[in-house]
Number of protein chains: 2
Amino acid sequence: MPIPITVDLVLATVADNRLQVLLGRRAGRGFGGRRWALPGRFLGPDDELATTARELLADVAGGRGGQLEQLATVGPVGGVVSIAYVALVAGAPSSRTGDRWHEVEEILADPARLALDHGRIIAAAAERVRTRLEHTAAAAALCPPAFTVTRLREVYEAVWGVRLDPANFHRKLAAAGVLEPTGDRAEGHTGRPPALYRADPSTPIHPAIVRDNLR
Amino acid sequence: MPIPITVDLVLATVADNRLQVLLGRRAGRGFGGRRWALPGRFLGPDDELATTARELLADVAGGRGGQLEQLATVGPVGGVVSIAYVALVAGAPSSRTGDRWHEVEEILADPARLALDHGRIIAAAAERVRTRLEHTAAAAALCPPAFTVTRLREVYEAVWGVRLDPANFHRKLAAAGVLEPTGDRAEGHTGRPPALYRADPSTPIHPAIVRDNLR
DNA sequence: TCAAAAGTGTTGACTCTACACCCATGT
DNA sequence: ACATGGGTGTAGAGTCAACACTTTTGA
């Protein structure tokens, strides 16, 4: 039963107030000419899944990025079984030439530009990221190491596609205990200078932030 | 890269007010003598994952059981990559000789009796089932086709290991619109005969039932 | 008539949304 | 001074846990 296995990575970030994922050009068998595809690598007989995924992340994101999480396994498509992971990163440029950020919404509007069924994987990843933000401080992984509450809220608004009340958002996150003050304040803003915070992306938020209250 | 792949199934039920899973005896390479293991089968080059999982479920549960869901992929352990699925079934006897129901709590207390790292898979499955009950009517899949609200509540109490207020539970499930009355009432009970209901296990429950209020 | 379990009403505590308002800085 | 965005206070609405209470049957 010699089925090749790949570990594929959905590396997500927020830029331009949009959820984006990193894709590369791939040519060759199964990739139908030249299509965009998730970065991935084949799994060898002596490779642990988690280790392979971490190495792939380090390779693709240049050592940055955390919050690696297994998403789903699909296949065989084109004779290959694909094990997909999701990771969040704070808008870093790619370390590999040829890789480019793509807006998730654009991709899902025209999934045919993607190789294999990477469109479905990306759709599942986006949904996973959305629910992840409801229950944990994972949004902090999409921000620089020190960030303002407004920046964090903009990440939520980008990922969820909603507007959130700044006042209530601030209070909620503070009450959940995810915001650790750095003591510094951000510069270069108009108005009152906002405080800078750190946060552990794995901190649970309880009760969860509900996403169904648009304004 | 010839890594063999198995599709493994965590078939769960509630019996004796305990969450139980179906295990079989396995001998041979990688199974360390004779240990208990999840039912599974190898994936062939022409087998779709979802199809294979459905066939495995039909084989193991004798055509009953629904709500098949992919759980996680682990490995390679013992040179094999394992793709695990979860399914819920209403306390059916196994159709395969040698398979037996085991209480999850007992298994997790002594995972060494299990082959490979099936203990970890079962732990993940139990947690998945718990959160599934919070957000959907999946508990109905653990009940007969027509059931009383009390029976449904007992499923929750078994899976979560908590006591729930009968009055509030009834109201909550009714308000969520998951209970479709059959018009019949159960017999053989002491006290007022309870109404029988149907439910679609995939119905979302919104807002979710919270599990953190013990009594 | 009594026991038992189903199902309904009700109340106080809590949470959330919406929005008014104050704070601190650049221009 | 004033515009601008950060951050806090607060009132009304809604939700939930707890528990009293009514309903409906078997014994």
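Residue numbers begin at 1 in each chain, while the letters A, B, ... track the order of the sequences.
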Rounded to the Å, how far apart are [X] [atom1] and [N] [atom2]?
| X | N | atom1 | atom2 | value |
| --- | --- | --- | --- | --- |
| A/Leu152 | D/dG5 | CG | P | 19 Å |
| A/Leu179 | D/dG7 | CG | C1' | 12 Å |
| B/Arg211 | D/dC16 | CZ | P | 17 Å |
| B/Leu173 | D/dC16 | CG | P | 12 Å |
| B/Ile209 | D/dA17 | CD1 | P | 10 Å |
| A/Lys172 | C/dT15 | NZ | P | 9 Å |
| B/Leu164 | D/dC16 | CG | C1' | 13 Å |
| A/Glu187 | D/dG6 | CD | P | 15 Å |

Backbone of [Y] reached by a side-chain donor or acceptor of [X] within 3.5 Å:
| X | Y | answer |
| --- | --- | --- |
| A/Thr136 | A/Thr203 | no |
| B/Thr13 | B/Val89 | yes |
| A/Arg132 | A/Ala139 | no |
| B/Arg198 | B/Glu180 | no |
| A/Asp165 | A/Ala167 | yes |

(message) Would you say the rings of B/Tyr156 and B/Phe169 are close, in the sense that their centroids are separated by under 6.0 Å?
(response)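 Between B/Phe169 and B/Tyr156, the centre distance is under 6.0 Å.
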(request) Let me have a per-nucleotide readout for nucleotides 5-14 of chain C, 5' to 3', with B, S or -, counting only protein heavy atoms under 4.0 Å. (result) BBSBBB----
